[in-house]
Amino acid sequence: MGLVIGPRLSAPGGVAITGIDLAEPLPPEPKRQILEAFRDHHVVVFPGQALTREQQYDFARNFGEIQPSSQPGSKRHDVAHVISNLDKDGNPVDRSSSPVGNYRWHTDKSWHAVPPLLTMLHAVELPPTGGDTEFANTVMGYAALPEETQRRIAGWRVVFRWGASGGTAVMTTRQDPPVDHPLVRTHPDTGRKALYLGNHVSHIRGMPEAEGAALLAELLEHATQRRFVYAHRWRRGDLVMWDNRCLLHRAVANYDMGKYRRVMHRSVVRGTVPF
Ligand code: SIN
């Protein structure tokens with residue numbers, strides 16, 4: 001049986017693809033179908049996958065160059081890296097209040113000059129319930145802005161810096177220089193305009209910092225309304241890949257994080273310079 005593409009999972013996006021084993025090499029025709037589904041639905045779910053970290057890395061490489069993890073302690077770059085709520089002794093800990101954690105709306109590695117095309121997560125260990133990931137469709141968010149706002153923000157550039165959270169900086173020894181990207185970016189495959197913002201934004205170039213940060217906070221609130229959000233409720237074995245060019249996402253702290261383990265394998269594929 002070939003690959004089966006299900007119905008759209010929600011208005012903002014999402015589709016499930018079955019009938020494929022991602023641990024096997026990916027032939028051209030299924031790859032084309034996956035890319036088409038990815039372009040049309042933004043979040044692609046492959047349920048019931050059993051992949052080693054090496055196999056996930058090989059699958060991700062079908063879509064471009066892998067961006068290595070910037071997490072301290074990530075020693076191997078030729079495998080999917082591990083993200084979890086565990087401390088160094090393997091005990092679950094609640095880090096959901098961290099200002100640089102994945103629990104705030106963000107798009108991955110937005111502080112890079114060439115940020116990612118896509119991210120994929122493979123669910124290895126999950127809490128009994130919860131531990132969801134939410135995705136906000138920023139094409140829908142942009143389209144729903146009043147025309148006057150769309151005109152006003154056209155051409156604005158947002159400064160991203162690791163650890164900047166809308167004007168409040170986190171103390172860090174990291175030296176990543178700030179980068180700026182268009183607030184309204186054009187999706188390279190669909191030509192549609194999307195908002196590009198989220199955690200790690202600092203301010204708007206050429207505008208007083210506090211004023212820019214306040215406007216970005218307002219736009220973020222607009223872009224993450226429930227009507228633009230697909231919430232993925234994980235099952236063990238799901239591999240989910242999503243488009244960082246037209247989505248914000250966040251992990252949801254809707255489980256007892258100090259008690260249950262949540263372990264995911266993650267791969268990130270480099271994109272192109274936003275325009
Ligand atoms: C991420 O932000 O890349 C991970 C999200 C999650 O753990 O659900």
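All ligand and atom numbering here is 1-based and tracks the order in the structure. Scope of the values below: all heavy atoms of this structure, side chains included, with no hydrogens, waters or symmetry mates.
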Ligand 1 polar-atom proximity to protein (N/O, under 3.5 Å):
unit_1: ligand 1; atom_1: 2 (O); unit_2: His106; atom_2: NE2; d: 2.8
unit_1: ligand 1; atom_1: 2 (O); unit_2: His249; atom_2: NE2; d: 3.0
unit_1: ligand 1; atom_1: 3 (O); unit_2: Asp108; atom_2: OD1; d: 3.4
unit_1: ligand 1; atom_1: 3 (O); unit_2: His249; atom_2: NE2; d: 3.4
unit_1: ligand 1; atom_1: 3 (O); unit_2: Arg266; atom_2: NE; d: 3.1
unit_1: ligand 1; atom_1: 3 (O); unit_2: Arg266; atom_2: NH2; d: 3.2
unit_1: ligand 1; atom_1: 7 (O); unit_2: Arg262; atom_2: NH1; d: 2.9
unit_1: ligand 1; atom_1: 8 (O); unit_2: Thr133; atom_2: OG1; d: 2.6
unit_1: ligand 1; atom_1: 8 (O); unit_2: Arg262; atom_2: NH2; d: 2.8

Under a 4.5 Å cut-off applied to non-hydrogen side-chain atoms, are Asp238 and His232 in contact? yes

Taking ring pair (Phe, Tyr, Trp, His ring centres under 6.0 Å) as the cut-off, I'd like each qualifying pair that reaches into residues 255-275, sequence neighbours left out, listed once. none

Kindly state each residue pair satisfying salt bridge (charged side-chain N to carboxylate O under 4.0 Å, His left out) with at least one member in residues 188-203, sequence neighbours excluded. Asp189-Arg245

Residues 211-224 vs side-chain hydrogen bond (donor to acceptor under 3.5 Å, both in side chains), sequence neighbours excluded, gives His222-Gln225

Answer yes if the side chains of Asp132 and Asn254 hold a donor-acceptor pair under 3.5 Å, and no otherwise. yes

Face-on cation placement of Arg185 at Tyr196 ring, 6.0 Å and 45° thresholds: yes

